[in-house]
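To start, the structure itself, in structure tokens.
Every value quoted in this text rests on a predicted model; they were computed, and no experiment measured them.
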Amino acid sequence: MARDISIKSAEDIGMARRAGQLAAEVLSMIEPHVVPGVSTETLDRICREHIVNVQGAIPANVGYQGYPKTILTSVNQVVCHGIPSPDKILKKGDIINIDVAVIKDGWFGDTSRMYFVGPPSTLARRLVETTYEAMRAGIRQVRPGATLGDIGHAIQSVAEREHFSVVREYCGHGIGQVYHDKPDVLHYGRPGEGLKLEPGMVFTIEPMLNAGRRDTRQLPDGWTVVTKDRSLSAQWEHMVAVTLEGYEVLTRWPGGTGAYAPV
């Protein structure tokens, strides 16, 4: 066993599941508000009020390493870490990732998903759906005895089949009572390589795929990451626990997955 990787008990996983389900519920709640003409600042305010006043939870991102907002809103060519702003108004045809994390009774829940702002372009739809498929392929590798390389390879294979690129600077992570913990979960790799999975491990799988090249750059705000070639980017994220039989997704969406295949 990797001694520096947290192995969680059934009770621990229950606490992580509760936090994860709250985070997933935020993403379900905000969906009707993701429409043309809304600002990302408004989406942030709605999510913050829901987390605090309805869920009785803590917005985990506020103040984290100096981050100023509740959610991260990454639109079109923004890969990740987009900061909500009153000046960023969504328009028809945009794609947006909303990433939310909450703390409930000391446990973190962390998840993100893509939304279409009105009908998307053919390329945008294919990118978003392929990124979801890639996340799903990675999750389906999770079981005792599998490796992190198995997860990364499955994700990379789906992305490259569609001629999309995998962002390599950012990855999934262990999570529980620590927001970003070991292990790092890369979204590319080779089968059989890397950490061997054991029951009780909990981590996120959150691939970012670009329609163009994988290269990224960070904007002067110190947070927002964009594609260097200005191509579209998409991301999905679930929290996953390794179980005796395989895996459990801890951030399942209320009401199911809609048009997306279940994991």
Where the side chain of T131 meets the backbone of Q235, is there a donor-acceptor pair that is under 3.5 Å apart?
no
Sorted by chain and number, sequence neighbours left out, side chain to side chain donor-acceptor pair (under 3.5 Å) with R214 holds for none
Over 12 foreign heavy atoms within 6.0 Å of CZ, R161:
yes
Please verify the inter-ring angle class for H238 with W253; under 30° counts as parallel, over 60° as perpendicular, anything in between as tilted.
tilted
Interatomic distance, CD@Q218 vs CH2@W223, rounded to 0.5 Å, equals 8.5 Å
One should read off an interatomic distance between I71 CD1 and R45 CZ, to the nearest 0.5 angstrom, of 11.0 Å
Which residues pass the side chain to side chain contact (heavy atoms under 4.5 Å, CB included) test with Y260, not counting sequence neighbours?
R113, F116, V128, E129, Y132, W236, T257
V142 and side chain to side chain contact (heavy atoms under 4.5 Å, CB included): which single residue from T243, V242, V263 fits?
V242
Donor-acceptor pair between E41 and S39 side chains, under 3.5 angstrom:
no
Between D229 and R213, is the salt bridge (Lys or Arg N to Asp or Glu O under 4.0 Å) condition met? List the steps.
CA-CA 7 Å; D229 61 8; R213 299 177 63 86; 5.7 Å; no
Measuring from F203:CZ to H173:NE2, what's the distance to the nearest 0.5 Å?
11.5 Å
Hey, any chance V167 and L127 share a hydrophobic cluster, counting ILVMFWY side chains that come within less than 4.5 Å of each other, even indirectly?
no
Is there a chain of hydrophobic side chains (I, L, V, M, F, W, Y, each step under 4.5 Å between heavy atoms) that links M114 to I139?
yes
Is the backbone of A159 close enough, under 3.5 Å, to the side chain of T130 for a donor and an acceptor to pair up by distance?
no
Is the backbone N or O of M15 less than 3.5 Å from a side-chain atom of K104, with the two atoms forming a donor-acceptor pair by type?
no
Report all side-chain donor-acceptor pairs from residues 20-31 shorter than 3.5 Å, counting only partners two or more places apart or in another chain.
unit_1	atom_1	unit_2	atom_2	d
E25	OE1	H50	NE2	2.7
E25	OE1	Q55	NE2	2.8
E25	OE2	H50	NE2	3.3

Under the side chain to side chain donor-acceptor pair (under 3.5 Å) rule, collect the residues that match up with D181, sequence neighbours excluded.
none
When rounded to the nearest 0.5 angstrom, what distance separates CG in D150 from CD in E193?
9.5 Å
Does R140 have more than 12 heavy atoms from other residues, nucleotides or ligands lying within 6.0 Å of its CZ?
no
With the 4.5 Å side-chain cut-off for hydrophobic clustering, are V166 and M208 part of the same group?
no
In residues 74-84, what donor-acceptor pairs under 3.5 Å come from side-chain atoms, sequence neighbours left out?
unit_1	atom_1	unit_2	atom_2	d
S74	OG	H81	N	3.4
S74	OG	G82	N	3.3
N76	OD1	I95	N	3.0
N76	ND2	D94	OD1	2.8

Which residues share a side chain to side chain donor-acceptor pair (under 3.5 Å) with H187, sequence neighbours left out:
none
Is a donor on one side and an acceptor on the other found under 3.5 Å between the side chain of N61 and the backbone of T70?
yes
Short side-chain donor-acceptor distance under 3.5 Å, N210 and S231:
no
Strictly under 6.0 Å, is that where the ring centroids of Y64 and H180 end up?
yes
